[in-house]
Trainee: 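The structure follows.
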Amino acid sequence: MIGQRRVRLWTFRSKLWPDWRGLGRDMAGRCVSGRALIAALLILLATVSGSTGPSSREIWGASRIPSQFSEEERVAIKEALKGAIQIPTVSFSHEESNTTALAEFGEYMRKVFPTVFHSSLIRHEVVGTYSHLLTVQGSDPSLQPYMLMAHFDVVPAPEEGWDVPPFSGLERDGFIHGRGTLDNKNSVMAILQALELLLIRNYSPRRSFFIALGHDEEVSGIKGAQKISALLQARGVRLAFLVDEGSFIMEDFLPNLKKPFAMISVAEKGALDLMLQVNMTPGHSSAPPKETSIGILSAAVSRLEQTPMPNMFGSGPLKQTLKLLSREFSFPTNILFGNLWLFQPIVSRLMERNHITNALVRTTTALTIFNAGVKVNVIPPLAQATINFRIHPSQTVREVLELVKNIVADDRVQLHVLRSFEPLPVSPSDATAIGYQLLQQTIQSVFPEVNIVVPGICIANTDSRHYANLTNGIYLFNPVFLQPQGFSSIHGINEKISVRNYENQVKFIFELIQNADTYKEPVPHLHEL
Ligand SMILES: CCCCCCCC/C=C\CCCCCCCC(=O)N[C@@H](Cc1c[nH]c2ccccc12)C(=O)O
Ligand SMILES: [Zn+2]
Ligand SMILES: [Zn+2]
């Protein structure tokens, strides 16, 4: 079976080792004939054909299907994404979504990926009316399954400000434009596309895996991801790891760092939606009281905005992120990041300077809704404001509430928790963490220009939290290069993905699935007593 031939290449390579160090010499150091040398090289080439770089050859060591796609396939790959963008699968609110489009998207996937949806290895279920669960049956039941996740609902996209209509899927200057090209139809389509291409090449996976495609992630995944998770739990499924959106290959996010780095988020912030409310006696605006509901509420809200939550730098995965990144910087940042035991106070302040890095070091406070008043000459009785806090992995909902009470410090301001959830536990990123290791190795082989892979924090929330009951290995990573401008386009205007980025995303998943099948647990290091 293709992909199942297990060749311990490193053993093979170590046998050839003397020749590798001194090409053209045999094990005794004598010169070997040109023909013998060519023969050895040919055997070696045949064995590793299809691997994408030296690192993948060394690590995976099995015969593989190369992630090379024909011209015709490359056209089909991008056209499939364009078609997906044209279906306006908008989640407007918890109550309202474009259900016609959600259903159409299901039909579209079946049409574009016929091999996936007709494969005898794959069980397809529609969950929560519009979400999709695919169970891909591997040949080796001793291997623990994993899950690839994505969502196909999108946030609304009014046309104002867009260079091209947001649901056109137009290709211009090497980019496919439209809502969902980064968040997150790219992942839905890339996962299915990679599997389609593998199946067409008769690949049959060894390790079982699930593909979970949510239809309501943008409104928190209660009807989709949560239901899929419950279904899997009822079936007794435990996952080795899962991969979802939430982080990228970052470019130009940190001053003085020009080289891209891949950030795999291993932690996701918690959240607290808090409504502040002030009730006062209504009256005629011609004789206003000294303080009104609006004034009292505004002052409280302003105090919250002006008093940032504590800087938590030093606890959580960020220290490790910067430590690993330090060698990518030049002087003096390399010294600062590399010696946090000494420079932590300075670095933690530096991180606060930019709104994105600030979100990595603390619980953020975002004033998002404000309501009061109905008429210009009426003092309103009621004023309400809603604040969205994103909770740092080292804090809890209770701690944030306590801090809020102390900052507001006014009994006339009532606090109502609309919704809250704790940060997700930090997933492992050590040498034994299969999900992290697989992602890291696949990044290194598919993107040789990316020097470094670091664990990070996801500052937003994803559907993955619904699966925390099934695994402790939750990894958030999209194999796509992202610049700050691209980050602003997510939920903003002019969201787009380059054709090259998208092709590489397909290639990445094509490789990842194969790597998951050949992954070897690291041998535990034995210490001498
Ligand atoms: C030193 C490193 C510097 C690197 C900087 C990092 C920059 C961050 C770059 C990218 C982050 C992108 C995050 C994308 C994921 C977006 C997911 C999303 O938009 N979620 C929404 C909706 C949502 C989903 N589940 C829930 C649950 C509860 C509330 C909302 C949601 C969101 O978070 O609001
Ligand atoms: Zn998303
Ligand atoms: Zn989103």
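Numbers for residues simply follow the sequence, beginning at 1. Order of listing sets the numbers, starting from 1, for every ligand and every atom in it.
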Trainee: Quick check for students: name every N or O atom pair between ligand 1 and the protein closer than 3.5 Å, with distances.
Mentor:
residue  : atom   : partner : partner atom : Å
ligand 1 : 19 (O) : H491    : NE2          : 3.3
ligand 1 : 20 (N) : N461    : O            : 2.7
ligand 1 : 33 (O) : R390    : NH1          : 2.8
ligand 1 : 33 (O) : N461    : N            : 2.8
ligand 1 : 33 (O) : N461    : O            : 3.4
ligand 1 : 34 (O) : R390    : NH2          : 2.8

Trainee: Between H177 and F175, what is the ring plane arrangement, given parallel below 30°, perpendicular above 60°, and tilted in between?
Mentor: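 Answer is perpendicular, since the angle exceeds 60°.
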Trainee: Taking the six-membered ring of F152 as reference, does the cationic atom of K185 (NZ for Lys, CZ for Arg) lie under 6.0 Å from its centre and within 45° of its axis?
Mentor: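 No; the conditions do not both hold, so K185 does not lie above the ring face of F152.
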Trainee: Please check this pair: side chain of T471 against backbone of L239, looking for a donor-acceptor N/O pair closer than 3.5 Å.
Mentor: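 Looks like yes, one N/O pair under 3.5 Å.
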Trainee: When the ring centroid of H124 is compared with that of H132, is the distance short of 6.0 Å?
Mentor: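 Judged by ring-centre distance (under 6.0 Å), H124 and H132 do meet the cut-off.
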Trainee: Where is the tightest heavy-atom contact between I85 and G180, given as atom of each residue plus distance?
Mentor: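 The answer is CD1-C, 3.8 Å.
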Trainee: Do E196 and T115 pair up side chain to side chain, a donor and an acceptor below 3.5 Å, judged on atom types alone?
Mentor: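 Per modelled atom types, E196 and T115 side chains form a pair under 3.5 Å.
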Trainee: Among side-chain atoms of S187 and Q505, is any donor-acceptor pair under 3.5 angstrom?
Mentor: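 Side chains of S187 and Q505: pair found under 3.5 Å.
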Trainee: For residues 437-469, which residue pairs pass the ring-ring contact (aromatic ring centres under 6.0 Å, His included) check, not counting sequence neighbours?
Mentor: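 Listed by first then second residue: F447-F481.
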Trainee: Only protein N/O/S atoms count here: give how many lie under 2.8 Å from the Zn ion (ligand 3).
Mentor: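 Counting protein N, O and S atoms closer than 2.8 Å to the Zn ion (ligand 3) gives 4.
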Trainee: Does anything in residues 240-273 pair up under ring-ring contact (aromatic ring centres under 6.0 Å, His included), and if so which pairs, sequence neighbours excluded?
Mentor: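 For residues 240-273, and leaving out neighbouring residues, the ring-ring contact (aromatic ring centres under 6.0 Å, His included) pairs sorted by first residue read Y146-F241.
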